[in-house]
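The structure appears right after this line, and notes come after that.
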Amino acid sequence: MGTYSINNFSRREIANMSAALLCASVLPSRLIAAEKLLRTPGQILGPFYPLKELPQTSDLTRVPGRAGRAAGQILNVMGRVLNLKGEPVRNAKIEIWQANAYGRYTHPSDTNPAPLDPNFDGSALLATDSEGQYRFKTIKSAAYPGGPNSMRPAHIHFQVSGREDRLVTQMYFENDPYNDSDPFLNSAGRKQLLIAKLQDPTPEFEPDSKLVRFDIVLYNG
Ligand SMILES: [Fe+2]
């Protein structure tokens, strides 16, 4: 009739199905497990998303028309944008914005009395290449007050837009004294995915700079 039960299948059909299920549950799942990534946790946009159009630059340490260089530890931040299958997300739009080395945003709503840096605007618009890679040079932002009795750990804001997905998140730094008490970082499941290491530079980079790797995983890309 219209409904099937196990009694409708022959012993041989069941044996074939069992073999197929065994393959499906053992072999491919091991392969899939090797490729399957975890989506990067989202974080709040925050109050300081830039009001002005973001400049298309991969060097935030200099402001066009000014001779000086931004104060602070130079960072070379790089990584890949991938989907859950580990495939590169090409031509993804990456917007970044951050505080300066004193913990101050250029945003007019930032009431932190820490000084502005005339050589640092703190935002940029990038795109990933054909392998999903991105790279930019910036300075390490400082922690800043998140309220009367709390400090936000140093972080860089990211908004990443692929063809199907958009992710708003923040990248933090290993060993920041405020990481453990920050409610936003600690609200993220798998928060370790948001905490990057500062590594010594390879010869192609400035000797006093640090390297920071931060891969970003979207659902589909
Ligand atoms: Fe922030």
Side-chain angles (χ1 to χ4, degrees), residues 39-63 70-79 81 92-126 134-161 166-198 210 212-218:
R39 180 181 181 262
T40 301
Q43 293 275 274
I44 58 164
L45 186 76
F48 304 129
Y49 178 82
L51 294 172
K52 295 184 290 186
E53 192 174 339
L54 280 69
Q56 293 186 36
T57 178
S58 59
D59 185 358
L60 286 78
T61 68
R62 294 188 185 279
V63 174
Q73 168 69 59
I74 302 289
L75 303 179
N76 298 287
V77 183
M78 64 199 73
V81 179
K93 183 169 88 169
I94 301 182
E95 296 162 276
I96 50 175
W97 64 104
Q98 63 169 99
N100 66 22
Y102 314 115
R104 174 84 183 268
Y105 286 85
T106 54
H107 197 287
S109 295
D110 189 357
T111 56
N112 185 356
L116 288 167
D117 179 348
N119 298 309
F120 188 71
D121 279 342
S123 66
L125 172 63
L126 312 160
Y134 74 91
R135 178 191 287 189
F136 62 93
K137 186 187 296 187
T138 187
I139 53 90
K140 187 171 178 290
S141 55
Y144 61 83
N149 300 306
S150 68
M151 289 291 286
R152 296 237 50 220
H155 58 271
I156 297 178
H157 293 264
F158 282 72
Q159 177 164 240
V160 182
S161 306
R166 185 166 64 112
L167 173 73
V168 178
T169 193
Q170 299 176 34
M171 181 189 81
Y172 299 81
F173 300 97
E174 192 177 52
N175 299 325
D176 189 295
Y178 301 110
N179 279 351
D180 287 345
S181 58
D182 184 62
F184 303 106
L185 173 57
N186 289 284
S187 72
R190 309 186 306 274
K191 68 175 180 178
Q192 286 305 323
L193 295 175
L194 299 180
I195 301 174
K197 291 183 169 69
L198 265 63
K210 295 287 184 185
V212 181
R213 287 207 64 89
F214 184 57
D215 288 339
I216 297 161
V217 180
L218 308 178

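Basis for what follows: all heavy atoms, side chains included, without hydrogens, waters or symmetry-related copies. No experiment lies behind these values; they were computed from the predicted model shown. All ligand and atom numbering here is 1-based and tracks the order in the structure.
At least one side-chain heavy atom of Ile156 sits under 4.5 Å from a side-chain heavy atom of Phe173. Inter-residue side-chain proximity for Val168 and Ile44 is flagged as unmet; no heavy-atom pair is nearer than 4.5 Å.
Counting only distance, with no hydrogens or angles, the side chain of Asp117 and the backbone of Ala70 share no donor-acceptor pair below 3.5 Å.
None of Lys191, His155, Gln192, Gln43 except one satisfies the side chain to side chain donor-acceptor pair (under 3.5 Å) rule with Tyr172; the exception is Gln43. Each of His107, His157, Glu95 was compared with Tyr49 under the side chain to side chain donor-acceptor pair (under 3.5 Å) criterion, and only Glu95 meets it.
Listed by chain and number, Tyr105 OH, Tyr144 OH, His155 NE2, His157 NE2 are the protein N/O/S atoms closer than 2.8 Å to the Fe ion (ligand 1), with waters left out.
Aromatic ring orientation, Phe136 versus Phe158: tilted (interplanar angle from 30° to 60°).
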